[in-house]
Amino acid sequence: MWRAMALQAFPGVELREPAREADLVEAGRRLGCELPEQLAQLLRASDGLTGPSSVDTIWPIAHIVEHNLLFRSDPSFAQLYMPFEPLLFFADNGGGDQFAFVQKPRRPDVFVWEHETDSRRWVAGDLRDYLERALQEDGDDDWYRL
């Protein structure tokens with residue numbers, strides 16, 4: 001389902017081999033939370049997606065884990081930004097802004113964290129909505145800006 005949906009949204013999307021179930025379980029253990037179900041389903045179909053402009057529209061599971069652990073533990077980030085623990089980052093726009101699910105309280109919506117202002121705002125109702133917006137062939141990497 002996810003592979004077909006991504007190809008329909010952007011026929012040039014780069015799909016990868018599926019993530020291993022053991023890697024998804026290990027990711028949840030290391031992050032201290034289960035991955036959102038839609039994200040886990042997508043990763044079981046393709047371990048990340050590369051969309052227009054060669055931007056990782058969905059990161060591979062290893063990158064999701066390492067990136068989130070870094071953002072939650074880097075002391076310099078703690079001084080500069082609001083806490084990242086409520087967020088689960090899974091993608092970026094190629095220019096520093098990153099996309100995340102809110103984990104506390106858990107919800108299906110996708111938010112963007114804008115690195116220059118530390119703002120966090122809603123951009124999509126769920127992962128499918130995010131992909132349809134992010135994979136627009138005629139769009140750009142800043143599709144989420146007002």
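Of all non-hydrogen atoms in Thr57 and Ala134, the two that sit nearest each other are CG2-CB, 3.7 Å. Annotation for Arg120 and Phe84: closest pair NH2-CE2, 3.5 Å, computed over non-hydrogen atoms. Between Leu15 and Ala6 the shortest heavy-atom distance is CD2-CB, 4.4 Å. Across all their heavy atoms, Glu21 and Arg44 have their closest contact at OE1-NE, 2.8 Å.
At least one side-chain heavy atom of Arg106 sits under 4.5 Å from a side-chain heavy atom of Glu34. A 4.5 Å side-chain heavy-atom check between Arg133 and Val123 finds every atom pair outside the cut-off. Between Phe10 and Pro52, the closest side-chain pair of non-hydrogen atoms falls below 4.5 Å. In this structure the side chain of Val110 reaches within 4.5 angstrom of the side chain of Phe101, judged on heavy atoms. Looking at Leu42 and Leu131, their side chains come closer than 4.5 Å, going by heavy atoms from C-beta outward. Side-chain contact between Leu35 and Phe90 is absent, with no heavy atoms from C-beta onward closer than 4.5 Å.
When each of Asp97, Asp92, Asn93 is paired with His115, the side chain to side chain donor-acceptor pair (under 3.5 Å) condition holds for Asp97 and for no other.
Counted by atom type alone, Trp113 and Asp118 present one or more donor-acceptor pairs between their side chains at under 3.5 Å.
Tracing side-chain contacts under 4.5 Å through hydrophobic residues (I, L, V, M, F, W, Y), one reaches Phe89 starting from Tyr81; they form part of the same cluster. When hydrophobic clusters are built by joining Ile, Leu, Val, Met, Phe, Trp and Tyr residues whose side-chain heavy atoms come closer than 4.5 Å, directly or via intermediates, Val25 is not grouped with Leu39. Met82 is not connected to Leu87 by any chain of hydrophobic side-chain contacts under 4.5 Å among Ile, Leu, Val, Met, Phe, Trp and Tyr, and they are in different clusters.
With sequence neighbours left out, the side chain to side chain donor-acceptor pair (under 3.5 Å) criterion links Asp56 to Arg16, Thr50. Judged as a salt bridge (Lys or Arg N to Asp or Glu O under 4.0 Å), and not counting sequence neighbours, Arg128 has no contacts. Every residue was checked against the side chain to side chain contact (heavy atoms under 4.5 Å, CB included) condition with Glu116, not counting sequence neighbours, and none meets it.
Annotation: the span from Arg30 atom CZ to Asn68 atom CG amounts to 11.0 Å, rounded to 0.5 Å. Distance CG/Leu127 to CD/Glu132: 10.0 Å, rounded to 0.5 Å.
Not one N or O on the side chain of Asp23 forms a donor-acceptor pair closer than 3.5 Å with the backbone of Ala62. Of the possible donor and acceptor atoms, one in the side chain of Trp122 sits under 3.5 Å from a partner among the backbone N and O of Ala124.
The aromatic rings of Phe71 and Phe77 lie tilted to each other, with the angle between the two planes from 30° to 60°. In this pair, His63 and Trp59 present their aromatic rings perpendicular. The plane angle is above 60°, beyond the 30 to 60° band.
Look at Arg72 and Asp74 and you find no salt bridge, because none of the NZ, NE, NH1 or NH2 atoms lies under 4.0 Å from a carboxylate O.
By the 6.0 Å contact criterion, CD on Gln103 is enclosed, its count of non-hydrogen atoms from other residues, nucleotides or ligands being greater than 12.
Aromatic ring centres of Tyr144 and Phe99: separated by under 6.0 Å.
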